[in-house]
Each structure stands twice: as C-alpha cells, then as structure tokens.
Protein chains: 4
Amino acid sequence: MPKLGMEEIRKDQVIKATERCIVEKGYSNMSVKDISAMAKVSTGIIYHYFKNKEDLLLQVLKESFRKSHEQVMETVEPLRTFDEKLMKHIENINRVPVDNPDFYAVMLNFLGQTINNPEINGIIAKFFGNLRSYISQYIQDGIEVGRLQPEKAKHLSALTVALGMGIGMQWIVDPESFDIVDIEESYKEMIESYILLKE
Amino acid sequence: MPKLGMEEIRKDQVIKATERCIVEKGYSNMSVKDISAMAKVSTGIIYHYFKNKEDLLLQVLKESFRKSHEQVMETVEPLRTFDEKLMKHIENINRVPVDNPDFYAVMLNFLGQTINNPEINGIIAKFFGNLRSYISQYIQDGIEVGRLQPEKAKHLSALTVALGMGIGMQWIVDPESFDIVDIEESYKEMIESYILLKE
Amino acid sequence: MPKLGMEEIRKDQVIKATERCIVEKGYSNMSVKDISAMAKVSTGIIYHYFKNKEDLLLQVLKESFRKSHEQVMETVEPLRTFDEKLMKHIENINRVPVDNPDFYAVMLNFLGQTINNPEINGIIAKFFGNLRSYISQYIQDGIEVGRLQPEKAKHLSALTVALGMGIGMQWIVDPESFDIVDIEESYKEMIESYILLKE
Amino acid sequence: MPKLGMEEIRKDQVIKATERCIVEKGYSNMSVKDISAMAKVSTGIIYHYFKNKEDLLLQVLKESFRKSHEQVMETVEPLRTFDEKLMKHIENINRVPVDNPDFYAVMLNFLGQTINNPEINGIIAKFFGNLRSYISQYIQDGIEVGRLQPEKAKHLSALTVALGMGIGMQWIVDPESFDIVDIEESYKEMIESYILLKE
DNA sequence: TATGAATGAGGATTCATTCAT
DNA sequence: GATGAATGAATCCTCATTCAT
C-alpha cells in the first residue's frame with residue numbers, strides 16, 4: 001500500500017464518508033468519530049488532512065456542488081439551441097431529488113446553517129448564482145436570435161431556479177403530495193407560457 | 001410576581017427566546033443554557049414546562065407556522081374574488097423574507113432537520129400541504145366561475161408555493177442577487193400567464 | 001376535610017408512598033417528586049412534615065421495622081413454652097420474604113446504605129439486636145427450665161437470625177433456587193439439632 | 001507513558017477506583033467524576049472503556065465476585081476429604097467480613113439494587129448459586145463415602161451459605177454484637193450437628 | 001395547610017481536538 | 001502516514017429544596 005500520495009485517496013474517502021453521515025445522521029447529530037468509523041480510518045487521519053471539522057464540512061459542500069455542476073454541464077453543454085438547453089436544464093434541476101436524493105439531503109442540511117455561517121452562506125450563494133447565470137446565458141442567446149422577449153429576461157433565471165428548488169423541497173418533505181415526474185411538464189409549460197417562445 | 005398560573009406566560013417566554021436563539025445562533029449551536037439566558041429564566045423552568053429540548057423545538061416550529069398561517073388568513077380571507085385572493089396570497093408568500101426574516105431563519109433551520117427527524121418532517125409537510133390547499137381552493141373557485149382552465153389546476157398550487165419558496169430561499173441566501181419587491185410582479189405574471197385568466 | 005390534625009394522616013400517607021417508591025423504583029432512583037406523585041400531594045407538603053428527604057427516609061425505615069416487630073410480637077407473645085416461641089419466631093422470620101416481600105425490598109435497599117450512613121446503620125443494628133434479644137430470652141427460659149445446654153446459648157440468637165436472613169436473601173435474589181416453605185423444616189431441624197432439646 | 005495497549009491497565013485502574021468509591025462514598029452517592037478523580041484519569045477515559053456508568057458498575061460487581069471465587073478455590077481445592085473442604089469453605093465464608101470488608105461493602109451496596117435491577121440481580125443470583133453448588137459437591141462426596149445422611153443434603157448448601165451470609169451481615173452492621181472469630185466454632189458445630197458426620 | 005413554580009448546582013455523557021507512539 | 005488513547009469543557013437533564021401565593 002502506498003504511503004506517499006495518499007492525500008487525494010484519503011481526502012476523498014473522508015469526504016464521501018462525511019456525506020453519508022450527513023445523509024444518515026444529519027449535520028448536527030454527527031461526530032468526527034462517526035465520520036472516522038464510516039470512513040474506516042482513525043480520527044487522527046481526519047485532522048491530518050483537514051484543519052478541523054468545519055473545514056471538512058466546507059469541503060464536503062464544495063465537492064457536492066462541484067459534482068452537481070459537473071453533471072449538469074455534461075448533459076446540457078452538448079445541446080445546440082438555447083431552448084433545448086433551457087429545457088434540459090429544467091429537467092436536470094427537476095430530477096435531482098429523484099436521481100440524487102443525497103444531494104438534496106446534504107444541501108438542506110447546509111442550507112440550515114446558511115443564516116449563521118457566512119462561509120457556508122457564501123458557498124451556497126455562489127452555487128445558486130451559478131445556476132442562475134447559466135440560465136441567463138441561454139436566455140441571452142434566445143434574445144439574440146430574436147425568439148425571446150427581452151423584458152422577461154430580468155428575473156427569468158431566478159424564477160426558473162425558484163421553481164426547481166421549490167418543487168424539489170416540497171417533494172423531499174412530502175413525496176406523496178405530487179408526482180415529481182408528472183410535474184415536470186407543468187414546470188416547463190409555466191416557463192414557456194411566461195417567456196412566450198416565438199416560432 | 002405571581003406564582004400561580006404562570007404556565008402560558010412562561011411557555012410563551014421560552015418559545016420566543018428559543019426562536020431568537022435559532023435566529024441568532026442557529027439550531028445546532030444553541031444550548032438550553034443559551035435559551036434560558038435569553039428567556040431570563042433558569043434552565044430548570046424549561047424542563048418544568050417542556051419535556052425536553054426536542055419537545056420545545058417542535059413547539060417553536062408549530063408556533064412559528066401557526067403565526068404565519070394566522071397572518072395569511074387575516075389578509076387573504078376578507079377578499080372576495082378568487083384572483084384577488086390568489087394574488088394576495090402570492091404577495092404574502094413573497095414578502096415573508098422581507099417582512100419576517102426570522103420566520104425564514106427558523107424554517108430553514110428546521111428544514112435542515114427534515115431528513116433525519118420524522119416529527120419535524122411531519123410538521124413541515126403539513127404546513128406546506130396547508131399552503132397548497134388554500135391555493136387549491138381559490139383555483140377551484142376560479143374554475144367554478146369559468147375563469148380558469150381546469151387542466152392547469154392539478155399542479156398549480158405546488159408550483160405557486162414552489163415559486164414563492166424558491167424566490168425566498170435564493171433571496172435569503174443572497175439578497176444582492178435580485179430585488180425581492182421587484183420580482184413580485186414577475187412572480188404574478190408567471191402564474192397568470194400559465195393559468196390564462198379569462199376576462 | 002379537616003385542616004387541623006392532618007399531621008398524622010399526611011405523614012402516614014407520605015411514608016406509605018415512599019415505601020412503595022422504594023419497592024417500585026429503588027432507593028437511589030427515586031425523587032421527592034416521585035414520592036409526592038405517589039402520595040398524591042405536592043412536594044411542598046413533604047417539606048412541611050419532614051425536615052428533608054433523608055429525614056423522611058429514616059422515618060420510613062423506622063416505621064418498617066416497627067410494623068415488622070409488631071407483627072412478630074402479636075404471634076409469638078401469646079405462646080407459652082420457650083420452644084413454641086422459638087419455633088414460631090423462626091417461622092415468622094422464615095416467612096417474611098413470602099408474606100411481606102416489600103419489607104425485604106425496603107430492608108435490602110437500606111442495607112445498601114448501612115456502610116456509609118451511620119444513622120441508617122444505627123437503626124438496622126438496633127433492629128437486628130432486637131431480633132437477637134428476643135431469641136436470647138426464649139433461650140434463657142429454656143436454660144432455666146433445664147431443657148437447654150447453657151454453653152450453646154452464647155451464639156444461638158445470632159445464628160438463628162443469620163439463618164433466617166441468609167435464607168431470605170438467597171430466596172429474594174433467586175426464588176427458583178429452593179422452596180422457601182420447604183426449607184423451613186430444615187431450618188428448624190438445624191437449630192434443634194444444635195441445641196439438643198432434652199425431652 | 002505508553003499510549004497503545006492501555007486497555008487492560010486502564011480498565012483495571014478504573015474498576016479498582018470504582019470499588020474504592022463504593023466503599024468510601026456508597027453506590028448511590030458516587031459520581032463518575034468521583035471515580036475519575038479516584039482513578040486519576042479524566043471522565044472521558046471512563047466512557048472510552050466502559051459503555052456507561054451502569055456497565056462499569058456491573059463489571060465491578062463481576063470482578064468482585066471473580067476475585068472472591070478465586071480466593072475460595074485457592075484455599076479449598078488443595079484439600080483432600082470432603083469434610084476438610086466443607087469446613088475450610090465455612091471458614092472462608094466466615095472470615096470474609098474481617099479479611100475483606102470491602103467485599104462486603106460492595107456486595108451490600110449491590111444487593112440493595114437487586115430488587116430493581118435485573119442485571120445486578122442475575123449476577124448476584126449466579127454468585128450465590130455458585131457458592132451453593134460447591135458445597136453441594138462436597139456433600140455429594142460425603143454421601144458417596146458413606147459418611148453423610150443423604151436426606152440432609154437437599155437444603156444443606158443453602159443453609160450453610162445462609163449462616164455465613166447472615167453472620168457476616170449482622171457483624172458488618174454491628175461488629176460489637178458478637179466476636180466473629182469466636183462464632184466460627186459455633187457455625188461449624190451447627191452444621192456438623194445437623195449432618196451427623198459418622199466416624 | 002397546601003400548592004407547584006422556580007432555582008441552580010450537580011449529574012451522566014459526548015465530543016472536537018491533540019499527541020505519544 | 002496512521003493510530004487511538006486521552007483530555008476536559010460543554011451538553012442535556014434531574015433534583016432537593018424554597019417560597020410566594
């Protein structure tokens with residue numbers, strides 16, 4: 001077993017274990033010992049690779065957002081037209097709770113810290129900002145090709161993200177309340193009816 | 001100072017103090033001692049009136065939702081037509097983050113516990129359910145008077161709530177990202193364009 | 001309901017409740033609140049009639065021994081001959097665990113405090129001393145009527161009490177280990193064979 | 001000071017300290033902090049090696065019985081004849097209160113918990129059962145070599161243990177009441193007169 | 001007499017973090 | 001690099017006792 005170059009392996013191992021702990025026990029009920037047990041390492045190792053628990057948690061959040069972003073890019077970028085991209089993005093957002101419920105669990109847990117932890121708040125703010133800015137780009141494209149009303153552009157990105165997040169949250173809290181696959185159509189329709197795509 | 005019949009006074013005092021603690025310190029960084037200091041009572045009194053910290057927290061959440069619901073009812077109920085009601089409801093939802101940021105702080109903190117705490121989850125699920133069901137009633141009314149397309153009704157309540165919550169969350173996390181008073185118009189327009197109100 | 005002369009009624013009520021608490025929860029797991037709940041009075045009442053918890057407990061122990069002693073006297077005193085008395089006394093001692101298991105529960109609980117609580121130790125010592133001294137009297141009588149060997153008298157009372165207590169304790173701890181009614185015969189035989197009763 | 005492989009050392013250290021605390025302060029007046037101070041370790045270490053206070057106490061009881069049993073075996077086993085063994089066993093039991101008063105202090109404290117703590121009850125029941133079963137074996141041997149009346153065997157072990165325990169308890173509670181070295185002779189005589197050893 | 005509200009010290013237990021090995 | 005023993009402050013909670021009513 002290599003002793004050198006373990007850094008990446010160990011960090012990854014610990015971050016993944018922390019994620020699982022958040023999902024299984026929750027942000028506020030999870031000790032460093034729990035994490036080390038889940039990762040099958042000693043507690044000492046954690047402090048060897050991370051400054052402290054808070055540092056580790058921040059890295060977990062960053063990694064979680066990084067992966068989520070990566071996933072979105074992979075599916076959306078290859079598409080050509082702005083409306084394909086927008087609709088794909090909506091699909092992506094809408095399906096997170098089903099496809100990757102752990103992401104939601106992690107995000108909700110961190111969201112609870114946003115009020116009192118500026119660092120976490122900053123990371124989440126940046127993530128939301130990114131989501132909006134991708135959508136803004138598609139919209140810009142749509143305006144440029146003359147198929148979108150410029151006056152609707154201003155809040156569209158925030159509204160699109162809002163719908164996705166709001167649907168996801170309601171569904172995570174109560175999956176019986178509606179069918180999340182079913183609602184996707186309405187989600188798209190609502191956006192479309194608002195921006196009045198011109199043929 | 002009276003010694004008898006203090007129950008309601010003390011419970012209220014402690015619940016309010018707990019709310020303040022959640023807002024100022026956060027759900028997971030707040031000790032019973034913090035609460036008792038905030039409420040200017042002894043820790044013992046908290047256990048005299050609440051079974052334990054969890055019980056207290058649940059009551060804080062319930063109380064928070066109760067007040068929020070009350071507030072909504074007061075402004076929406078007096079209105080006559082379904083579209084006035086719906087739009088007022090939207091306004092209400094949209095303004096919570098500005099008018100009552102503490103409510104958002106509390107809710108976000110509890111939302112973070114929803115994954116791992118079935119009791120909290122139940123209370124939040126019920127609250128979201130209530131929000132949707134009020135909207136559903138306005139919509140029913142709208143369909144009955146022939147001014148609303150029935151086929152849009154199915155997900156409208158969830159979508160309306162989603163927009164409100166999603167806007168609020170983004171704004172709480174980053175108030176610089178958009179003007180929340182400004183976005184209200186777009187919020188309403190999006191709903192209206194979807195349901196195609198007939199004159 | 002009389003307000004004057006409540007002292008005896010209340011004291012008795014509280015002492016009985018305390019006894020029940022000791023039996024049901026154990027000496028060291030029982031709070032003043034438990035006692036007041038069991039007695040259906042307020043905690044304040046307890047401090048009105050007893051100096052403090054320790055005082056109350058001492059009175060419970062005394063009362064327990066007083067009742068036990070009373071019971072013994074009632075059945076033994078009417079008898080005539082010393083050997084009838086001795087055997088009846090043995091029967092009495094032997095049957096306490098079955099007839100009055102609460103007494104054993106209470107005594108065992110207090111016995112556990114004897115090492116570290118001189119006051120409790122004193123009361124128990126006196127109780128054991130009493131038991132021995134009654135037996136010594138019967139034996140004196142036996143010697144005087146010439147039916148008992150004087151040289152066996154010295155330790156007989158302690159040995160008789162020892163057998164009774166030792167049997168009781170083993171049986172309380174494990175009632176399956178022997179039949180306590182059955183062992184009485186052997187208990188008596190052992191005493192008889194030792195003192196060689198002359199016809 | 002070594003950092004690895006401390007488990008046995010620490011456990012022993014803590015168990016011994018707990019024993020001392022029970023003797024000096026009593027089962028119900030002794031805090032984990034007292035124990036940790038007595039053992040000269042931090043409170044944390046106690047929870048590192050024992051599940052909780054109750055677990056620790058159970059191990060103390062077990063250890064106490066284990067040592068006592070060991071001691072008995074060492075002195076009794078080398079002996080040849082059943083009556084030598086029986087008498088030695090009686091001597092051993094009788095001398096515990098003098099030779100090892102801590103054992104009695106510990107046992108009495110735990111005995112007080114037997115009514116309300118099934119686990120403690122089980123351990124004590126087993127210990128008493130062991131004591132009886134050793135004696136039963138000597139008796140069997142005596143019957144087989146024809147020097148003991150079989151009909152007396154049934155309760156003899158319980159009666160022998162009863163005498164020993166009963167004497168010890170009375171003496172612990174009031175050492176002035178009789179001379180425990182002196183009573184040993186009578187203890188033995190009582191057993192001998194009962195079983196009528198044939199030459 | 002009687003109540004039960006109120007106190008706060010003290011209880012068991014957990015936990016982030018350090019450090020000798 | 002890696003371990004897990006060790007710490008002790010901080011957590012939640014209980015409880016004997018007091019006292020205004």
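Just so we're on the same page: letters track the sequence lines, and every chain starts at 1. Keep in mind that what you see is a predicted model, and the values were worked out from it rather than measured.
- Look at D:Glu19 and D:Lys67 and you find a salt bridge, because one of the NZ, NE, NH1 or NH2 atoms lies within 4.0 Å of a carboxylate O, short of that distance.
- Separation of atoms CG (B:Leu56) and CD1 (B:Ile35) is listed at 5.0 Å; rounding is to 0.5 Å.
- For B:Arg10 and E:dA5, the shortest distance from a side-chain N or O to OP1 or OP2 is not below 4.0 Å.
- The residue among B:Val41 and D:Gly44 whose nearest nucleotide of DNA chain E lies closer to the 5′ end is B:Val41.
- The pairing partner recorded for E:dC15 is F:dG8, the criterion being a Watson-Crick or G-U wobble arrangement whose two distances lie under 3.5 angstrom.
- The residue among A:Lys33 and D:Ser31 whose nearest nucleotide of DNA chain E lies closer to the 5′ end is D:Ser31.
- For B:Met30 and F:dA10, the CE to C1' distance is 15 Å, given to the nearest whole Å.
- In this structure, B:Ile46 atom CD1 and F:dC15 atom C1' are separated by 16 Å, rounded to whole Å.
- For the pair D:Glu54 CD and E:dA12 P, the computed distance is 13 Å after rounding to whole Å.
- Pair assignment for E:dA20 gives F:dT3, based on Watson-Crick or G-U wobble hydrogen-bonding distances that are each under 3.5 Å.
- Atom P of nucleotide E:dG11 and atom OH of D:Tyr27 are separated by 16 Å, given to the nearest angstrom.
- Atom P of nucleotide E:dT1 and atom NZ of C:Lys40 are separated by 22 Å, given to the nearest angstrom.
- Close to F:dG4, at under 4.0 Å from its OP1 or OP2, lies no side-chain N or O of A:Ser42.
- We find that NZ of B:Lys51 is positioned 11 Å from P of F:dT14, with the value rounded to whole Å.
- Following rounding to the nearest Å, B:Asp55 (CG) and F:dC13 (P) show an atom-to-atom distance of 10 Å.
- Phosphate contact (OP1/OP2 of E:dA2, side-chain N/O of C:His48, threshold under 4.0 Å): absent.
- Phosphate proximity of E:dT14 to D:Tyr47: absent, as no side-chain N or O sits under 4.0 Å from OP1 or OP2.
- No contact: C:Ser36 has no heavy atom under 4.0 Å from any strand.
- Between D:Tyr49 and B:Asn29, the residue anchored nearer the 5' end of DNA chain F, judged by the nucleotide with its closest heavy atom, is D:Tyr49.
- Electrostatic pairing of C:Lys11 and C:Glu8 does not count as a salt bridge here, judged by no charged N lying under 4.0 Å from a carboxylate O.
- Mapping D:Ile45 and C:Val32 onto DNA chain F via the closest heavy atom, the residue that lands nearer the 5' end is D:Ile45.
- Between C:Lys53 and the phosphate of F:dA16, there is a side-chain N or O to OP1/OP2 separation shorter than 4.0 Å.
- Looking only at side-chain heavy atoms (C-beta outward), C:Gln59 and C:Lys51 stay at 4.5 Å or farther from each other.
- The ring-ring contact (aromatic ring centres under 6.0 Å, His included) analysis of residues 6-54 of chain D, with sequence neighbours excluded, yields the pairs D:Tyr27-D:Phe110.
- Note: CD1 (A:Ile35) to P (F:dG4) measures 17 Å, nearest angstrom.
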